[in-house]
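Encoded as structure tokens, the structure appears first; notes follow it.
Scope of the values below: all heavy atoms of this structure, side chains included, with no hydrogens, waters or symmetry mates.
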Amino acid sequence: MSSLDTGNTAPDPDPANATGQVASPTRRNWLNSAVIIIVATIGSRGLGLLRDIVLANQFGTGPTLAAYKAAFRVPDLLYTLIVGGALGSSLIPVFSRFLGRNEGEKAWKLANAVVNYALLGLVVAAGVAWVLMPTLVEVVLAPSYPREVQLLTIDLARLLLIQPFFMGLGGIALSLLNGHENFLWPALAPLIYNISIILGAVFLVGPLGIYGVITGVIVGAVLYLLVQLPALWRLGFYWRPSLQLRRTEGAAPVLKALGPRLIGQAVFQFNFIVATNLGSRLDNGPARVVAFENGYTIFMLPHGIFAMSLATVAFPAMARLLGANDLPGMKRTLAGSLRQVYFFALPAAVGLAVLARPIVSTIYQSGRFDQQSTDLVSATVMYFSFGLISYGLVEILTRAFYAMQDTRTPVIIAVVTVGLNFIFSLALVGWLAQGGLALALALSTTVEMIGLAIMLLRRIGRVPGLVGPGLKITGAAALMGLVIWLGQWWLSAPLAEGNKLVVVALTGLLVGLGGGIYVVTAYLLRIEELQGLVARFRRR
């Protein structure tokens, strides 16, 4: 499934005038943007989860859904390499710097050139992928699948090559709007994309089978782009058919940053290609690959809501502060982002680790998703939970490097990390099956987090305001974890043997109890992140 499931929304009703001039970042409320984006992302991630629930209900963890999941690897790779993170991370700092200097015309000329080259790259890459698809599926993505499942995967993957074209252009639009600190339409686009897939799964699977879901994906990708275009035009974007990127001011730093970022995105996708390849070789391989994907979806729900949302806001803010030579301000933004991520990610990680099975049963178990499917997915979720904190902090740390227009350092660390992930995966897959693949990602990402933190501290010096709040957050999460572990132990029999309604009710009770314990403890410890949110809602 495409990784574009998060949403963003606008912190300012008038982020730019007709000339592309923007207000000073000192006039913007970072917490405003973060809270609004989190709320919007909850909707987007919730729809993404609902999308996967519908698919699980229709297809369980069977071979048809396994073919669909494997088929998405190629379009996801094309999108991620050409547009997703690569262009966004290299374009936003330069684009934001032009806006910060009130040079809106130069910013939009650069954006136009980037769009044209992205169009060309997407068309060429999709054509090459279409030709090579049988080899990619049979050798890389699904080498041990039954032949009929391989053929279905090839067919679905070729149809899905339409998706990255529209999602790619929509991703550029999202980056440009975020660079303008306009988050409204980027928030709505993923919602519409997921709604389209859900409608395809609900209404078109009957007459078209899995091809009904593919129809929903393609229509959703088209709408993902179209919904953002009016906002871009109002801000001043115009399109011209020109390929003179090197003659465009600002193109040189974009191209310089783009190369390392492409490598970084490639190695990130390689992690999941490794997981798909190794998972397909296990006994009952298609089911285990689907279990890995479904576990990753649950894992990404808190990650997308908190870490990716906060990183979306922090990135352009840090880029502008560094553009104004305000390193102390950048450090304050960085520290605030790291604390916020840790405040939300740690209790989520503890909750997923302790309550993995009842959470999976509550979310997925119905229709063709049976008890065996729950067992497979819950083990994956538990092992993924060990990496939730490191995944979240990596989002912020990498964007700090990108704000400094340094894409090389994160890429070097990422290349080392993907090698470690490969080694960990080989070591753990035979022991823990698809759970070992999840644990390998968690462990390798933790190494990546440590490496990024060390290199960043060497570059910018000490970042104050992290240790004390971090210890308080850890204490509150530890108490929460103890309470829900005792609660699950006490309710283990009805959770294991009860009907669906009983499991849902008890899981909700444990989640609510854990959340309440965490909030009350955080309040008593005067944790700044909670106090800021409480004060904001009181003002509202």
Side-chain angles (χ1 to χ4, degrees), residues 1-7 41 43-80 84 122 126 129-130 133 137 141 148-149 151-171 174 185-228 286 289-290 293-294 296-298 300-301 304 363-364 366-369 373:
M1 190 60 57
S2 175
S3 57
L4 280 178
D5 291 338
T6 59
T41 306
S44 176
R45 290 284 169 177
L47 283 174
L49 183 60
L50 177 61
R51 171 199 66 206
D52 281 3
I53 292 171
V54 173
L55 292 174
N57 185 270
Q58 296 274 21
F59 302 103
T61 53
T64 300
L65 191 58
Y68 172 80
K69 298 282 189 179
F72 244 109
R73 285 288 167 223
V74 175
D76 263 1
L77 179 62
L78 295 184
Y79 169 83
T80 303
L122 286 166
W130 193 93
M133 195 63 69
V137 171
L141 298 177
E148 63 273 14
V149 181
L151 292 175
L152 178 60
T153 303
I154 293 168
D155 196 23
L156 297 179
R158 281 176 164 170
L159 289 173
L160 284 171
L161 289 174
I162 301 171
Q163 183 250 28
F165 180 81
F166 294 100
M167 293 291 285
L169 295 179
L174 182 147
W185 296 105
L188 295 178
L191 298 175
I192 294 172
Y193 175 68
N194 282 320
I195 289 172
S196 178
I197 299 175
I198 292 169
L199 293 176
V202 171
F203 295 107
L204 298 180
V205 164
L208 300 177
I210 192 63
Y211 293 95
V213 183
I214 299 296
T215 302
V217 170
I218 294 172
V219 171
V222 174
L223 295 175
Y224 182 89
L225 169 63
L226 294 181
V227 75
Q228 298 183 80
V289 170
V290 173
E293 297 274 358
N294 286 344
Y296 185 71
T297 297
I298 294 177
M300 286 297 291
L301 183 62
I363 292 174
Y364 283 124
S366 63
R368 296 186 179 180
F369 195 99
S373 298

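Evaluation of the side chain to side chain contact (heavy atoms under 4.5 Å, CB included) rule for A71 yields T153, L156, A157, L160 as partners, not counting sequence neighbours. Scanning for ring pair (Phe, Tyr, Trp, His ring centres under 6.0 Å) contacts around F59 gives an empty result, with sequence neighbours left out.
The nearest pair of heavy atoms linking M133 to L161 is CE-CD1, 4.0 Å. Across all their heavy atoms, A129 and V74 have their closest contact at CB-CG1, 4.0 Å. Between L49 and Y364, the shortest heavy-atom contact is CD1-OH, 3.9 Å. The two residues G46 and L301 have their closest heavy-atom pair at N-CD1, 4.1 Å. Pairing each heavy atom of V290 with each of G60, the nearest pair is CG1-O, 4.1 Å.
Atom CG in L191 sits 12.5 Å away from atom CG in L223 (nearest 0.5 Å). Between the NZ atom in K69 and the CG atom in D76 there is a gap of 10.5 Å [rounded to 0.5 Å]. In this structure, W130 CH2 and I154 CD1 are separated by 11.0 Å, a value rounded to the nearest 0.5 Å. We find the CG-CG distance between N294 and L55 to be 8.5 Å, quoted to the nearest 0.5 Å. One distance of note links CG of L47 with CD1 of I53; it measures 10.5 Å at 0.5 Å rounding. Taking CD of E293 as the start and OG1 of T61 as the end, the distance is 12.5 Å to the nearest 0.5 Å.
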Identify every side-chain donor-acceptor pair in residues 201-222 under 3.5 Å, counting partners at least two apart or on other chains, and give the distances.
| unit_1 | atom_1 | unit_2 | atom_2 | d |
| --- | --- | --- | --- | --- |
| Y211 | OH | D155 | OD2 | 2.5 |
| T215 | OG1 | Y211 | O | 2.9 |

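Counting only N and O atoms by type, the side chains of Q163 and Y224 include no donor and acceptor under 3.5 Å apart.
A 4.5 Å side-chain heavy-atom check between L152 and E148 finds every atom pair outside the cut-off.
For R51 (side chain) and I198 (main-chain N/O), no donor-acceptor pair under 3.5 Å exists by modelled atom type.
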